[in-house]
Amino acid sequence: MDLGIAGRTALVMGASRGIGRGIAASLAREGARVAIASRTPEALVKTAEEIEGEVKAFGAETGNLEQLAGLPAQVEKELGPIDILVTNTGGPPPGGALENDLAEWQDAYTSLVLAPRVLVEKAVPGMRTRRWGRIVNVGSSSTRQPIPELNLSNTHRAAAVGYFKTLAGELAPDGITVNTVATGMFATERLADVRGSLDAAHEVARQTVPVGRLGDPAEFGDLVAFLCSQRAAYLTGAVIPLDGGMVRSI
């Protein structure tokens, strides 16, 4: 299937490893020019070298909104106008509803809500001019079913979904789609940290995920590549679960 994104420029955040890397690899395989960004320059450069296709590394810290605001212009200068924006970031620290201090609350809000807002503000005008764009937010199953001891993620990822849903309605007439993927349990370092180890995470998945395993970041990347395609032009404003059937709500 030709997804119609060859030659398009994509910016993928949090792409040095895990889900972000899986997304970048899938987009590059479809012929997109891919800018990958994260706060770990050495790992990022290594990832850019390992992914087959046109991939370039850009250092960026989601907590530094001023730096982040200049990122789209850097990408455009080196790879071309941004047609595809994937907002992805690592999760905030764990904790119960009364355990995280206010500084952690502010950091989580900056990373999960304000940082995507800054990137959208810079990328959307060009998309509107060209009357084509794809924005995908990497969310979490916690927006449908809160995860115990992940209060900050539960709260701020839900806020981000509200923002992206609002944005989808406003941008639809301009040929720009906006969707969120609600992530389940994927084999990433983040999940290993939360569960104690990847082996422990595999065991939890075997018992609680209907398909009986963790997701592969490459599977996540393939779904995002479709959402960014010409074929997905009528799909917008959605929150799509990718969790192996883990969340049981309708």
Side-chain angles (χ1 to χ4, degrees), residues 1-15 19-20 22-24 26-37 54 56 58 60 62 65 68-89 112-140 143 157-183 220-242:
M1 179 186 293
D2 181 6
L3 298 186
I5 56 175
R8 298 281 188 184
T9 298
L11 170 58
V12 183
M13 302 301 298
I19 285 173
I23 294 169
S26 289
L27 292 172
R29 188 167 56 249
E30 294 297 327
R33 297 186 294 267
V34 184
I36 58 174
E54 189 173 354
K56 188 171 182 59
F58 294 82
T62 55
L65 298 182
L68 212 58
L71 178 60
Q74 294 177 39
V75 172
E76 181 167 347
K77 181 178 180 181
E78 299 198 35
L79 293 178
I82 296 171
D83 300 300
I84 296 167
L85 172 63
V86 180
T87 59
N88 172 49
T89 186
L112 296 176
V113 182
L114 295 184
R117 167 66 175 79
V118 167
L119 291 169
V120 165
E121 181 180 12
K122 298 300 181 180
V124 160
M127 292 180 182
R128 273 182 155 156
T129 297
R130 296 184 298 278
R131 298 194 63 77
W132 199 97
R134 300 289 184 264
I135 299 172
V136 179
N137 171 49
V138 177
S140 170
T143 59
R157 290 193 189 278
V161 166
Y163 171 68
F164 282 105
K165 180 68 173 179
T166 304
L167 185 68
E170 295 180 5
L171 298 185
D174 298 301
I176 303 167
T177 67
V178 184
N179 294 289
T180 293
V181 180
T183 311
F220 200 103
D222 288 342
L223 173 59
V224 172
F226 175 74
L227 292 176
C228 294
S229 73
Q230 186 61 41
R231 304 271 182 143
Y234 201 62
L235 176 55
T236 194
V239 179
I240 302 169
L242 188 60

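As the structure is a prediction and not an experimental result, all values here were calculated from the model. These numbers come from the heavy atoms of this one structure, side chains and all, not from hydrogens, waters or symmetry mates. We're numbering straight along the sequence, starting at 1.
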[X] [atom1] to [Y] [atom2] distance, which is reported to the nearest 0.5 Å:
{"X": "Ile36", "Y": "Asn88", "atom1": "CD1", "atom2": "CG", "value": "12.0 Å"}
{"X": "Leu119", "Y": "Leu65", "atom1": "CG", "atom2": "CG", "value": "9.0 Å"}
{"X": "Glu30", "Y": "Ser229", "atom1": "CD", "atom2": "OG", "value": "8.5 Å"}
{"X": "Thr62", "Y": "Leu112", "atom1": "OG1", "atom2": "CG", "value": "8.0 Å"}
{"X": "Phe220", "Y": "Ser26", "atom1": "CZ", "atom2": "OG", "value": "10.5 Å"}
{"X": "Lys56", "Y": "Gln74", "atom1": "NZ", "atom2": "CD", "value": "10.5 Å"}

request  = Take Met127 and Ile135 through the test side chain to side chain contact (heavy atoms under 4.5 Å, CB included) and record every step on the way to the result.
outcome  = CA-CA 10 Å; Met127 292 180 182; Ile135 299 172; 4.2 Å; yes
Of [options], which meets side-chain contact (heavy atoms from CB on, under 4.5 Å) against [X]?
{"X": "Pro72", "options": "Val124, Val120, Ile82, Leu85", "result": "Ile82"}
{"X": "Leu171", "options": "Val178, Thr236, Thr177, Thr166", "result": "Val178"}
{"X": "Thr143", "options": "Thr180, Val161, Thr183", "result": "Val161"}

Considering all heavy atoms, the nearest [X]-[Y] contact:
{"X": "Leu3", "Y": "Ala225", "value": "CD1-O, 3.7 Å"}
{"X": "Asn179", "Y": "Ala238", "value": "OD1-N, 3.0 Å"}
{"X": "Arg130", "Y": "Pro81", "value": "NH1-CB, 3.2 Å"}
{"X": "Met13", "Y": "Ala60", "value": "CE-CB, 4.2 Å"}

key: Stepwise side chain to side chain contact (heavy atoms under 4.5 Å, CB included) test for Arg128 and Ile176   = CA-CA 7 Å; Arg128 273 182 155 156; Ile176 303 167; 3.8 Å; yes
[Y] side chain reached by [X] side chain, heavy atoms, under 4.5 Å:
{"X": "Val75", "Y": "Thr9", "answer": "yes"}
{"X": "Ile23", "Y": "Val138", "answer": "yes"}
{"X": "Thr87", "Y": "Phe164", "answer": "yes"}
{"X": "Leu79", "Y": "Phe58", "answer": "yes"}

Worked verdict on Ile240 versus Leu235 for side chain to side chain contact (heavy atoms under 4.5 Å, CB included) = CA-CA 11 Å; Ile240 302 169; Leu235 176 55; 4.1 Å; yes
message = The criterion is side-chain hydrogen bond (donor to acceptor under 3.5 Å, both in side chains); which residues satisfy it with Ser140, sequence neighbours excluded?
response =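 By the side-chain hydrogen bond (donor to acceptor under 3.5 Å, both in side chains) rule, Ser140 matches Ser142.
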